[in-house]
Amino acid sequence: GTDALRHWEFQGSHDGSAWTVIRAHENDSGLSGAWATATWLLDRDPTLEKGYRYLRIRKTGLNSSGKDHLTLGGMELYGDLHFLQG
């Protein structure tokens with residue numbers, strides 16, 4: 001199998017302790033085949049006063065091969081980068 005992500009969350013945090021789910025994926029087949037690529041749009045959260053300092057991917061289930069490990073060759077993020085004072 002390809003060990004592609006199927007069940008996962010993209011999360012953000014201001015302090016590295018409390019995490020917010022930015023986008024959840026359940027049985028998502030967007031990644032398929034070896035070295036597959038995919039794009040997901042993120043909805044803008046109007047209640048979010050500032051961006052996140054930390055970002056992570058959290059697996060919430062088995063991959064496409066029915067295994068419990070994460071295989072990820074790269075990740076690109078596009079958007080605005082804001083530097084905060086203090």
Side-chain angles (χ1 to χ4, degrees):
T2 59
D3 298 331
L5 285 168
R6 289 291 181 259
H7 307 273
W8 56 286
E9 295 174 345
F10 182 56
Q11 299 180 342
S13 174
H14 300 291
D15 59 9
S17 296
W19 293 91
T20 300
V21 175
I22 299 171
R23 184 176 174 102
H25 299 261
E26 287 299 322
N27 204 26
D28 186 336
S29 60
L31 293 168
S32 59
W35 301 103
T37 62
T39 301
W40 294 275
L41 296 176
L42 303 178
D43 294 327
R44 180 163 164 60
D45 181 351
T47 65
L48 187 63
E49 295 180 18
K50 58 182 178 178
Y52 295 105
R53 182 174 185 179
Y54 305 98
L55 299 169
R56 74 178 182 184
I57 292 177
R58 180 178 171 266
K59 268 182 39 57
T60 58
L62 301 177
N63 63 27
S64 62
S65 297
K67 298 176 185 172
D68 196 30
H69 63 265
L70 173 78
T71 302
L72 181 65
M75 180 176 172
E76 295 181 11
L77 302 172
Y78 298 93
D80 297 322
L81 179 63
H82 298 271
F83 293 96
L84 302 175
Q85 300 294 325

Given side-chain contact (heavy atoms from CB on, under 4.5 Å), test L70 with N63 step by step and report yes or no.
-> CA-CA 7 Å; L70 173 78; N63 63 27; over 6 Å; no
Contacts of D15 meeting salt bridge (Lys or Arg N to Asp or Glu O under 4.0 Å) (sequence neighbours excluded), chain-then-number -> none
dist E9:CD -> I57:CD1 (nearest 0.5 Å) comes out at 11.0 Å
State, with a plain yes or no, whether a side-chain heavy atom of D3 is found less than 4.5 Å away from one of K67.
-> yes
Report the C-alpha distance between F10 and V21 in whole Å, list the side-chain angles of each, state the deciding distance to 0.1 Å, and finish with yes or no for side-chain contact (heavy atoms from CB on, under 4.5 Å).
-> CA-CA 6 Å; F10 182 56; V21 175; over 6 Å; no
Working for side-chain contact (heavy atoms from CB on, under 4.5 Å), residues R53 and S13 = CA-CA 6 Å; R53 182 174 185 179; S13 174; over 6 Å; no
Applying side chain to side chain donor-acceptor pair (under 3.5 Å) to D45 and not counting sequence neighbours gives T47
T71: side chain to side chain donor-acceptor pair (under 3.5 Å) partners, not counting sequence neighbours = none
In terms of hydrophobic clustering (I, L, V, M, F, W, Y; side-chain heavy atoms under 4.5 Å; direct or indirect links), are W35 and L72 co-clustered?
-> no
Are S32 and R6 close enough that some pair of their side-chain heavy atoms sits under 4.5 Å apart?
-> yes
Closest approach of T2 to S64 (non-hydrogen atoms, all atoms of both residues) | OG1-OG, 3.1 Å
Checking side-chain contact (heavy atoms from CB on, under 4.5 Å) for the pair H25/L5: CA distance, chi angles, key distance, verdict?
-> CA-CA 9 Å; H25 299 261; L5 285 168; over 6 Å; no
Heavy-atom neighbours of W40 CH2 exceed 12 at 6.0 Å | yes
State, without any angle test, whether W8 and D28 hold a side-chain donor-acceptor pair at a distance under 3.5 Å.
-> no
Just jot down the salt bridge (Lys or Arg N to Asp or Glu O under 4.0 Å) partners of R56, sequence neighbours excluded, or say none.
-> none
Mind jotting down which residue pairs meet the ring-ring contact (aromatic ring centres under 6.0 Å, His included) criterion with at least one end in residues 48-75? Sequence neighbours excluded, please.
-> H14-Y52
Rounded to the nearest 0.5 Å, what separation is found between the OG1 atom of T39 and the CD atom of E76?
-> 9.0 Å
Pairing of R23 and D43 as salt bridge, 4.0 angstrom limit | no
What heavy-atom pair brings A38 and G30 nearest, and what distance separates the two atoms?
-> CB-O, 3.7 Å
side-chain contact (heavy atoms from CB on, under 4.5 Å) involving A36 - partner list, sequence neighbours excluded | L31
